[in-house]
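Please read the structure below before turning to the comments.
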There are 4 protein chains.
Amino acid sequence: MALDTRERVRRAAVKLFATKGFHGTGIRDLAQESNLSTASLYHYMGSKEELLADIMRDCLRTLLDSAEAELTGLTDPAERLRRLVKLHVRAHARKPRETRIVDHELHVLAPTTRRSIVELRDAYERLWADAVGDGVASGVFTTAHPGVTRIALLEMCNGVARWYSARGSLSLDDLATHYAEVALRAVGACPQRSAEGQSRGE
Amino acid sequence: MALDTRERVRRAAVKLFATKGFHGTGIRDLAQESNLSTASLYHYMGSKEELLADIMRDCLRTLLDSAEAELTGLTDPAERLRRLVKLHVRAHARKPRETRIVDHELHVLAPTTRRSIVELRDAYERLWADAVGDGVASGVFTTAHPGVTRIALLEMCNGVARWYSARGSLSLDDLATHYAEVALRAVGACPQRSAEGQSRGE
Amino acid sequence: MALDTRERVRRAAVKLFATKGFHGTGIRDLAQESNLSTASLYHYMGSKEELLADIMRDCLRTLLDSAEAELTGLTDPAERLRRLVKLHVRAHARKPRETRIVDHELHVLAPTTRRSIVELRDAYERLWADAVGDGVASGVFTTAHPGVTRIALLEMCNGVARWYSARGSLSLDDLATHYAEVALRAVGACPQRSAEGQSRGE
Amino acid sequence: MALDTRERVRRAAVKLFATKGFHGTGIRDLAQESNLSTASLYHYMGSKEELLADIMRDCLRTLLDSAEAELTGLTDPAERLRRLVKLHVRAHARKPRETRIVDHELHVLAPTTRRSIVELRDAYERLWADAVGDGVASGVFTTAHPGVTRIALLEMCNGVARWYSARGSLSLDDLATHYAEVALRAVGACPQRSAEGQSRGE
DNA sequence: AATGAATGAGCCTTCATTCAT
DNA sequence: TATGAATGAAGGCTCATTCAT
């Protein structure tokens, strides 16, 4: 099935925004990458900035929705953090360009739009904050600065989008598991058994 | 003492490149921020891109030099990692804009220039790789994927530049110590005493 | 019939480049003369320099093609030279601006482009060199330095573009004939009859 | 003896204006070629345009003066034309850059300045016109259009500046003699003896 | 005599966008 | 749906020139 034109434009934008940055990408670049004229481009998008906002919004919506789905019914903070990390890492490894765009181009958006995007991001990060906070409250985690630890872990996981390659030696599952491991250690959950399991597996 | 003009231009560039991105910063923005005409700007820089490259180069040189100085004479991998993390965190908290520029704008540079910058970055990262590698080799660290762990920690520390504020509740020293803590836990160094020491101190 | 826009740009360029020189003509001058905005200009040309190269190329191509057509089947060197001179003079009198551009602005072109233009010019001048050379070889022409004579005649004829005006007393045909006369005398063809014929005719 | 600075500037200008054109030459180019800063340049010249005008004026003054000196006491039109041609050719071969500048950059000058330069040029050309005119009047020359012939010869001789190289096979004296020959033939002076002499001599 | 600093104006070119077809 | 044509604004950079030192 032929690719929907709107989708083609979207993908072109994702590719170029991630590679050259929003301001480094001209609409001529977008048009060329989409095999469209610059004029035609405007049948499939509002403006360059709206296109960017759409990409960010979708990326964050998907992340938020699947995170909420993943956590449904879970109470154990360690398990919640593990799931969050794995989901986050998988998302960033699979959609490195979209997530890099979210991370790098927020400053481009006009205030109103930016606020709506930041809201989504904050909602998502609250899931992390809650997991870490609950873990510390219940004594499962021992970390001196939960807030700092949360953001440190998030940044660590975001980084995956900047370097992970599917062609590397590490499978996506192993990567996600490894990161969950590192994260749980970082909060002081010291998951003896699983750590050893991971070690044995290699 | 009045600020050297060249330095004024540099600072304007650092501020704007970090805030709005390289491509998002116009030469006229730079001129205004430097209280200079656009023409005068060119007495103090080669081109916008060279200015960027200079900023990056200086930032990385400084980081690399101080890291090498910091590690001189040290052999214990845990201590080396701790020092690297603390230095890195401090540098990123103190010069968040410079380091963000290094992280975000590499793609702007022409191939030749980029290579020279990447070389510096790689030299610096090798210090981390060596510390982690030696730790694993000597059994002090237990981590399944040293390479991944190293980059995960680096990204985590880079993140500091994206959120740390001196006006926050955490002092720079505490922040650096905390990150070192998290990092050592992440590599499985489980530094009982120092971790407790750290906990007690807060 | 309305003038094609591309052609309007071309004519504006010819007029301005010839009058004020390539470097003396700004893109804004071109736009104004073409009744276009500077941005629109770029729908009809690659760059200012490409526009110049196109003008030169077309001018030389036309000259070369018509010269080759004119000489087809001719062997007599005197007749060939006469035809070349007349054609050249006519072309330079009719298209003085294009030919002046070719003569004056070669130095502007980038090496590669320049080479391609110079090649055309050389191909054309070879027709002159052959005519003069054959005339000397067969004894019809007596000139001590055929190469010098050829270039002297060419320069003399090029000059037409710098002064001829259709409003002058001399018709184009008479002008061309007169130049042919001067040229043949210069190579020592001393065409008694035709010279007298020419004299009688005026 | 060290070269006077003002003279160094002048020479740099001659070189660059001739090579790249007036508008193609920046004052930075001039400064570099003169081994001066752009600011220092202005101790030795009024403005770029005045520098150009000076060069042109001197070139034409010299030509005019030496032509008048050369013709002093001569009445024979053929001899006068021969001397003019030889002088002109020599001047253009020896100072090809100055003369090219005079020929190519008149259009740059502001009206007032231009007029003063054109006046000089016209005074010089009147010497040619007189020689040709007298020759025709006295029947020594036979040319249908004296005015056209005069300008044709002038352009032919101007051309020397565009191609003559001292490294070529032809000596400057031979070149000048050859041109005089061509010119006299062109006006129909048919100087049997001298032509043969020329031929024999080579 | 010499120049580093400074600049308003201008350079060529591309920007994102609109609109008639 | 698709696009050639069009553009005002802005892009990075250089222009010729002045002036204080």
Side-chain angles (χ1 to χ4, degrees), chain A residues 4-6 9 22-31 34-52 108, chain B residues 4-6 8-9 13 22-31 34-52 108, chain C residues 4-6 8-9 22-31 34-52 108, chain D residues 4-6 8-9 22-31 34-52 108:
Chain A
D4 174 53
T5 308
R6 192 176 304 270
V9 171
F22 176 81
H23 283 309
T25 303
I27 43 117
R28 281 157 184 75
D29 300 323
L30 280 174
S34 319
N35 274 111
L36 247 51
S37 69
T38 57
S40 300
L41 218 51
Y42 283 85
H43 284 280
Y44 301 99
M45 56 178 238
S47 70
K48 213 180 118 187
E49 192 181 327
E50 286 177 49
L51 180 56
L52 172 65
V108 166
Chain B
D4 174 54
T5 308
R6 195 176 303 273
R8 243 173 49 227
V9 171
F22 177 81
H23 284 309
T25 302
I27 225 70
R28 282 155 184 83
D29 299 325
L30 276 173
S34 319
N35 273 110
L36 245 48
S37 69
T38 56
S40 297
L41 217 51
Y42 282 85
H43 279 279
Y44 300 100
M45 53 179 240
S47 69
K48 214 181 119 189
E49 192 180 326
E50 285 177 49
L51 181 55
L52 172 66
V108 167
Chain C
D4 175 54
T5 307
R6 194 176 304 271
R8 243 171 50 226
V9 171
F22 177 81
H23 284 310
T25 302
I27 224 70
R28 284 157 186 79
D29 300 325
L30 276 174
S34 319
N35 274 111
L36 247 45
S37 69
T38 57
S40 297
L41 218 50
Y42 282 84
H43 278 280
Y44 300 100
M45 55 179 239
S47 70
K48 211 180 124 190
E49 192 181 326
E50 286 177 48
L51 181 54
L52 172 65
V108 166
Chain D
D4 173 55
T5 307
R6 193 176 304 271
R8 242 173 50 226
V9 171
F22 177 80
H23 284 308
T25 303
I27 44 117
R28 280 157 186 75
D29 300 323
L30 278 174
S34 319
N35 274 110
L36 248 50
S37 70
T38 57
S40 299
L41 218 51
Y42 283 85
H43 284 278
Y44 301 98
M45 57 178 237
S47 70
K48 214 180 117 187
E49 192 181 326
E50 287 177 49
L51 181 55
L52 172 65
V108 166

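In what follows, every chain begins at residue 1, and chains take the letters A, B, ... in the order their sequences are listed. Here the structure is a predicted model, which is why all the values come from computation and not from measurement.
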Treat a base pair as Watson-Crick or G-U wobble with both distances under 3.5 Å, then lay out DNA chain F in dot-bracket form, 5' to 3', with | for cross-strand pairs.
.||||||||||||||||||||
Please tell me if the side chains of T25(B) and L30(B) come closer than 4.5 Å, counting only heavy atoms from C-beta onward.
yes
Taking C-beta and beyond as the side chain, do H23(A) and V108(B) meet within less than 4.5 Å on heavy atoms?
no
Within this structure, what is the OH-to-P distance between Y44(A) and dT18(E), rounded to whole angstrom?
17 Å
Comparing nearest nucleotides in DNA chain F, the 5'-proximal residue of the pair S47(B), R28(A) is R28(A)
Starting at atom CD of E50(C), determine the distance to atom C1' of dC12(E), rounded to an integer number of angstrom.
13 Å
Can you measure L52(D) atom CG to dT17(F) atom P for me and round it to whole angstrom units?
12 Å
Rounded to the nearest 0.5 Å, what separation is found between the CD1 atom of I27(B) and the CE atom of M45(B)?
4.0 Å
Approximate separation, where rounding is to 0.5 Å, of L41(A) CG and S37(A) OG
7.5 Å
Atom CG of L41(C) and atom C1' of dC11(E): how far apart are they, to the nearest Å?
14 Å
Here's a test of your reading of the structure: between L36(B) and M45(C), which maps to the more 5' nucleotide of DNA chain E?
L36(B)
Side-chain heavy-atom pair R8(B), Y44(B) within 4.5 angstrom cut-off
no
What integer distance in Å separates I27(C):CD1 from dC15(F):P?
16 Å
Both E49(C) and N35(B) contact DNA chain E. Taking the nearest nucleotide for each, which residue is further toward the 5' end?
N35(B)
First encountered from the 5' end of DNA chain F, between A39(B) and S40(C)
S40(C)
Pick base, sugar-phosphate or nothing for T5(A), based on heavy-atom distances below 4.0 Å to the nucleic acid.
nothing
Rounded distance in Å - NE2 (H23(D)) to C1' (dC15(F)):
12 Å
Out of dA16(F), dA9(F), dT18(E), minimum distance to the side chain of Y42(A) belongs to dT18(E)
In short, V9(C) meets S34(C) closest at the heavy-atom pair CA-OG, 3.8 Å
Is there side-chain contact between H43(B) and L36(B), with at least one heavy-atom pair below 4.5 Å?
no
Measure CG/L30(C) against C1'/dG10(E) and give the value in whole Å, please.
15 Å
Tell me whether the OP1 or OP2 atom of dT7(E) has a side-chain N or O from S37(B) closer than 4.0 Å.
yes
Integer-rounded Å distance: dG4(F) P and H43(A) NE2
12 Å
